[in-house]
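Sending over a structure as structure tokens; questions will come in a sec.
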Amino acid sequence: MTEISLLSEAARACPYHTYRQLRTEDPVRFMPDQNIWVLSRYEDCDYVLSNPTRFTSRESLSSANAYRNCPAALETLAKSRALPRQRTLILADGEAHQRHRKAIQNALSPARMLREFGPSIEGRVNQFIDAFIGKGHCEAISQYAIPLPMALVATIFDAPEEMIPTLKGWSDNFFAALSGHVPESVVIQAAEDTLAFESFILDRVAARRGGDGTDFLSRLTNGVDGAEALNDAEIVNICSQILVGGNESTISLLGNLIYQLATQDGLEAALRADPDKIPAAVEECLRFEPPLQAMYRITLQDEVIGGKEIPAGSKLMLNFGSANRDEKFYRDGEHFDLERDNTETLHLTFGRGRHACVGQTIARREAVIAVTALLDRLENIRLVPGDPPGRAGIFGVRGFARLPIAFDQRQ
Amino acid sequence: MVKIHVDMSLCEFHGQCVFIAPKEFRFEGDDLVYSEEVDEEHRARVERAAKACPQLAIKVE
Ligand code: HEM
Ligand code: SF4
């Protein structure tokens, strides 16, 4: 196959054409410009996710380690209060991962989270809509997609409402630095924000240590209901994973859903006629446009995948954006189809196996509530001529930075 | 016959099993209820449900 790069402008604007080319012509391909092997078939991604002892997660989140090449950022990080830094949860393997996973599963149990916060989410989304409905238009990312997951993250950390803009600022910088391929100034800022975030969390942890609270941070700090207590570094790292993971990917999901509503003829009407299909629309949107287009692993030994010899220590990009459209498993996978039976082949958008997303049920519920409220109160949702949507510029993220929409108010 | 066992100490009620295999798994109030034995013809669906469980709580024999 000829020159092909995921970093080209065209691929960053819309990667799916490049994915199809990779999947059909060279599904396990070494990309010299990123020093990474890209796995574009469903079965190969599934195999790697399902074999965590052969493929380490120690750099699961990033295609390029931005901090490593930035001495100023490393110097800042060395001032951390939560040393030694250690690989936690999404970046951990084996026993350490199991320990973190047990604690987070307990602290983020969807049954309890949704029982405690479900009703308040519904109230919140209606307040967000109240703020813009009279105008007939809004910028859906800043006025709807961001406030909802941010409110939930603030609730998880028991942070006051006024902290939300600060939390979002931290989250933006962490996320940008993680993805790599960003200017050095962003990496330096992210390192400084890491220290500020750490203090924010550790102060809250200190206030809870030894107490009998049952909120998220108390559970991680003291261990509740049989889950082990974690140390400061572990708690800070898990919280930053929640801040970024619980947030940015859900924002992208909500934006992608609103974009589908605004651009797909008949979708709005079909869902209004049969609201029971809203979860199916969410599931199809998750398959069609995974907010995180890939996760990463490193080979621990020499491997042969798809007939290619891959040496130990190689970085793999598990291309979910491509796997979710793999012709072998999805008929007409390049199209959004509300009627698709997504139980046949479950998309890889939340990963799978030991590291499968612990927030997936919460994210799905947030999305269903958000879409239900929109359809309830707005109709004829459409893009705004002359004010087109703007894509999020972060490598590996599929979502919008801006999404202006217009609508009619339902009576 | 296909034997199904859910380790309830692991289950956190994500409901992925109910989504994928509603004939074999369902919620009743706050409880997850499932068929312990189902016909061989449903094996593929039950195995997909086990794979989808974020807690890896479902064992299929
Ligand atoms: C649409 C929204 C979301 C998407 C697309 C998403 C995606 C993912 C993916 C792909 C993984 C697997 C990582 C791997 O295999 O290396 C993951 C793990 C994780 N997610 Fe999510 N996520 C979402 C929402 C959330 C929410 C709302 C939370 C928390 C409130 C959350 C917390 C986590 C955590 C803590 C992990 C690490 C689990 C582990 O390593 O064992 N995510 N997520
Ligand atoms: S998918 Fe797993 S965790 Fe979720 S309800 Fe079923 S058994 Fe429980």
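In what follows, chains are A, B, ... by sequence order, proteins preceding strands, each numbered from 1. In what follows, every heavy atom counts, from backbone to side chain, and hydrogens, waters and symmetry copies are set aside.
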Practice task
State whether the number of non-hydrogen atoms from other residues, nucleotides or ligands found under 6.0 Å of B/Glu40 atom CD is greater than 12.
Solution key: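 Yes - once you tally the heavy atoms of other residues, nucleotides and ligands closer than 6.0 Å, there are more than 12.
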
Handout entry: Non-hydrogen atoms of B/Pro54 and A/Cys357 that approach each other most closely
Key =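 Shortest heavy-atom contact: CB-O, 4.3 Å.
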
Exercise for the section: Can you tell which part of A/Asp341 gets under 4.5 Å to a heavy atom of chain B, answering side chain, backbone, both or neither? Expected result: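 It is neither, since no heavy atom gets under 4.5 Å.
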
Problem - Structural part of A/Arg365 lying under 4.5 Å from a heavy atom of chain B - result: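 The answer is neither part of A/Arg365.
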
Problem - Heavy-atom proximity to chain A below 4.5 Å, by part of B/Gln55 - result: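 Both backbone and side chain of B/Gln55 come within 4.5 Å of chain A.
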
Handout entry: Between CZ on residue A/Arg352 and CG on residue B/Leu56, distance to nearest 0.5 Å
Key =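 Rounded to the nearest 0.5 Å, the CZ-CG separation comes out at 10.5 Å.
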
Practice task
Determine whether more than 12 heavy atoms belonging to other residues, nucleotides or ligands lie under 6.0 Å from atom CD of B/Glu37.
Solution key: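 For B/Glu37, atom CD is crowded (more than 12 foreign heavy atoms under 6.0 Å).
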
Practice task
State, to 0.1 Å, how close A/Pro110 and B/His14 come at their nearest heavy-atom pair, and which atoms those are.
Solution key: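 That closest heavy-atom pairing would be CG-CE1, 3.4 Å.
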
Exercise for the section: May I have the step-by-step check of side chain to side chain contact (heavy atoms under 4.5 Å, CB included) for A/Leu346 and B/Arg48, ending in yes or no? Expected result: CA-CA 8 Å; A/Leu346 188 64; B/Arg48 281 204 299 279; over 6 Å; no

Handout entry: Crowding at CZ, B/Arg43 (>12 non-hydrogen neighbours, <6.0 Å)
Key =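 Buried by this count: over 12 neighbours within 6.0 Å.
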
Practice task
With rounding to the nearest 0.5 Å, note down the distance linking CD in A/Glu344 to CD1 in B/Ile20.
Solution key: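 A/Glu344 atom CD to B/Ile20 atom CD1 measures 9.5 Å (nearest 0.5 Å).
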
Problem - B/Glu12/A/Arg112 salt bridge by N-O under 4.0 Å criterion - result: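 So A/Arg112 does not pair with B/Glu12 through a salt bridge.
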
Exercise for the section: Would you give the length of the straight line joining atom CZ of B/Phe13 to atom OG1 of A/Thr361, rounded to the nearest 0.5 angstrom? Expected result: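 It comes to 12.0 Å.
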
Exercise for the section: Look at A/Thr345, A/Leu108, A/Leu114, A/Asp46 and state which one has the largest set of heavy-atom pairs under 4.5 Å with chain B. Expected result: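 The option with the most such pairs is A/Asp46.
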
Practice task
Flag the pair B/Arg45 / A/Thr343 as yes when at least one side-chain heavy-atom distance between them is below 4.5 Å, and no otherwise.
Solution key: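 A side-chain contact is absent here, since even the closest heavy-atom pair is not under 4.5 Å.
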
